[in-house]
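None of these values were measured; they are calculated from a predicted model.
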Amino acid sequence: MTETDNKPRHAAPPGEEVLMTHREILEVLAGLLAALFTALLSSTIVSTALPTIIGDLNGSQTQFAWVITTALLATAASTPIWGKLSDLYNKKVLVQSAIVIFVIGSIIAGFAPNVPVLLGARVIQGIGMGGLTALVVAIIGSIIPPRDRGRYSGYMGGVMAVSMAGGPVLGGVIADGLGWRWCFFVCVPLAVIALVLLQKTLHIETDRKEGVTIDWLGATLLTAGVSVLLIWVSFAGKATYYDWISAESAALVGIGVLLLIATVFVESKATSPIIPLKIVTERTTALAIISSVAVGVGLFGATTFLGQYFQTARGHTPTEAGLLTIPMVFGMLVGTVGSGQLITKFGKWKGFVVAGSILQLIGFLLLSTIDHETHMWLIGLMIALLGLGTGMLMQNVVLAVQNTVSVHNIGAASSVVAFFRTFGGAIGVSVLGSVLATRVTDLTAEGFAKLGIDSHTPGGGGNLNLKALPAPVQDVIRMAYGDATGRIFLIAAAVAVVTVIAVIFLPNKPLRTTIDLKPSVADVEYEKV
């Protein structure tokens with residue numbers, strides 16, 4: 001990259017690759033990262049405000065998990081579609097459309113009178129977030145060579161870390177001060193700023209392949225299959241629904257698996273599949289997908305239920321709960337920005353990914369030991385370690401995939417990895433939420449029995465509006481949540497083992513210095529070194 005070359009990419013002569021200057025890239029990144037920050041902020045604001053939201057709307061623990069799951073599922077289902085669209089149509093128009101969709105969902109969520117309406121709004125938000133997740137990464141991959149991309153991925157990781165740090169704190173302050181509805185409204189002006197920045201700075205040509213169409217059938221089958229399985233894990237094992245081993249479970253699992261098998265069949269025959277099997281079955285991408293699923297299970301599961309632990313189990317306010325998550329986000333900031341800068345400097349990436357997976361595993365194992373009396377400073381150290389490992393993993397796994405595909409497929413490849421990470425998050429929140437709810441129910445029943453209270457009577461159920469309950473009942477529920485939380489982190493640790501194994505076997509390919517796969521003199525010289 002040369003600082004003297006001020007020509008934008010669309011001014012390049014046919015067949016010649018002209019790179020953007022550092023200044024031009026930063027101008028584009030300002031708008032892209034503003035959009036990404038807005039979407040991520042909406043999720044992290046909700047994480048600390050959610051106990052207040054569900055309590056105010058008289059929701060249950062299952063609904064608590066589904067407020068997160070619906071957004072993640074919509075994000076996961078729409079990400080591959082956005083990624084494919086980015087390989088066909090103008091990326092600038094698409095990313096702006098994603099912002100508008102996200103804003104509409106945010107406004108509806110802010111006015112939601114009950115949990116069902118809130119869930120519908122979260123689906124709309126998730127569709128917009130899916131677009132931002134896929135398109136921001138795809139655009140960065142279209143304008144920056146992999147050899148330099150670690151530097152800018154570090155900036156993206158930094159924005160992610162700041163949004164995750166500021167979101168919980170801001171969400172707590174808003175929930176305590178203005179009311180939880182403003183947790184959704186506050187994202188609207190930020191989205192408008194992102195739109196203005198992108199309109200001014202982003203200028204990118206549409207590099208479209210002729211005769212390519214969107215595989216809507218494959219997308220529908222995939223979404224339906226995932227949704228059915230998530231519904232199954234969310235309600236299985238609960239007394240008011242059905243057992244894990246039952247006719248209902250068998251029916252839901254059977255339908256879900258059949259839909260996914262049909263998805264694979266359709267994708268194998270489609271001329272332009274929503275998830276290109278050729279890309280998915282490539283070794284680097286396949287291993288990255290496996291590790292991304294595990295990262296999603298741990299990351300989204302941890303952030304979702306940590307806020308609930310701090311508030312429900314330890315009695316902290318939403319503001320305090322947000323402040324208590326800062327060590328994890330600080331660790332993530334150091335992991336993302338630090339590893340990104342070092343990767344760009346030395347051109348080596350695999351060591352950071354492997355180290356990150358190991359640190360993440362250790363963090364989950366330590367968190368599996370917490371209960372309702374664990375010292376808060378000790379929990380802070382645990383989540384800082386978890387954040388450091390996760391930060392070193394997330395963007396660098398995507399970088400490894402982008403390094404192996406053509407710029408024409410970078411949108412599809414990036415969105416596939418993002419899809420499986422978000423899909424893993426949806427699975428994680430549903431499964432971990434189900435495990436937590438079941439464990440809390442058992443521990444609550446034991447506590448109520450000691451108080452001589454029938455746990456099957458109204459008042460001892462799953463309503464999370466603790467302020468409406470007597471003090472002794474509140475104490476039992478808080479203790480139950482505190483002692484049950486460690487189990488979900490133990491499950492996350494088991495999944496993190498899969499991440500470690502997957503990243504160890506990632507091919508350690510040198511990062512190319514060109515945007516596309518076409519080799520350059522620099523690439524040849526770099527591989528000699």
Nearest atoms (heavy-atom pairs only) where [X] meets [Y]:
| X | Y | result |
| --- | --- | --- |
| Ala74 | Val123 | CB-O, 3.3 Å |
| Met392 | Ala355 | CE-CB, 3.9 Å |
| Phe505 | Ile501 | CD1-O, 3.1 Å |
| Ala484 | Val440 | CB-CG2, 3.8 Å |
| Glu267 | Gly218 | OE2-CA, 3.5 Å |
| Trp82 | Gly130 | CD1-C, 3.5 Å |

So, [X] side chain and [Y] main chain: donor-acceptor pair closer than 3.5 Å or not?
| X | Y | answer |
| --- | --- | --- |
| Asp371 | Gly486 | no |
| Lys350 | Leu506 | yes |
| Thr75 | Gly126 | yes |
| Ser368 | Leu490 | no |
| Thr312 | Tyr309 | no |
| Ser268 | Phe265 | yes |

Report yes if the side chains of [X] and [Y] come closer than 4.5 Å at any heavy-atom pair, otherwise no.
| X | Y | value |
| --- | --- | --- |
| Leu393 | Val503 | yes |
| Arg314 | Ile379 | yes |
| Met376 | His316 | yes |
| Leu260 | Val264 | no |
| Val67 | Leu50 | yes |
| Ile491 | Leu432 | yes |
| Trp232 | Ile255 | no |
| Leu388 | Val334 | yes |

First locate atom [atom1] of [X], then atom [atom2] of [Y], and finally report the distance between them rounded to the nearest 0.5 Å.
| X | Y | atom1 | atom2 | value |
| --- | --- | --- | --- | --- |
| Met328 | Leu306 | CE | CG | 5.5 Å |
| Leu221 | Leu258 | CG | CG | 11.0 Å |
| Arg122 | Met129 | CZ | CE | 6.5 Å |
| Ile127 | Phe102 | CD1 | CZ | 12.5 Å |
| Met382 | Phe489 | CE | CZ | 10.0 Å |
| Leu378 | Leu366 | CG | CG | 8.0 Å |

**Message:** Please evaluate residues Leu361 and Thr499 with respect to the criterion side-chain contact (heavy atoms from CB on, under 4.5 Å), reporting the C-alpha separation (whole Å), side-chain torsions for both, the decisive distance (0.1 Å), and the verdict.
**Reply:** CA-CA 9 Å; Leu361 172 60; Thr499 302; over 6 Å; no
**Message:** Please determine whether side-chain contact (heavy atoms from CB on, under 4.5 Å) holds for the pair Val498 and Ile290, giving the CA-CA distance in whole Å, both sets of side-chain angles, and the decisive distance to 0.1 Å.
**Reply:** CA-CA 8 Å; Val498 178; Ile290 294 172; 3.6 Å; yes
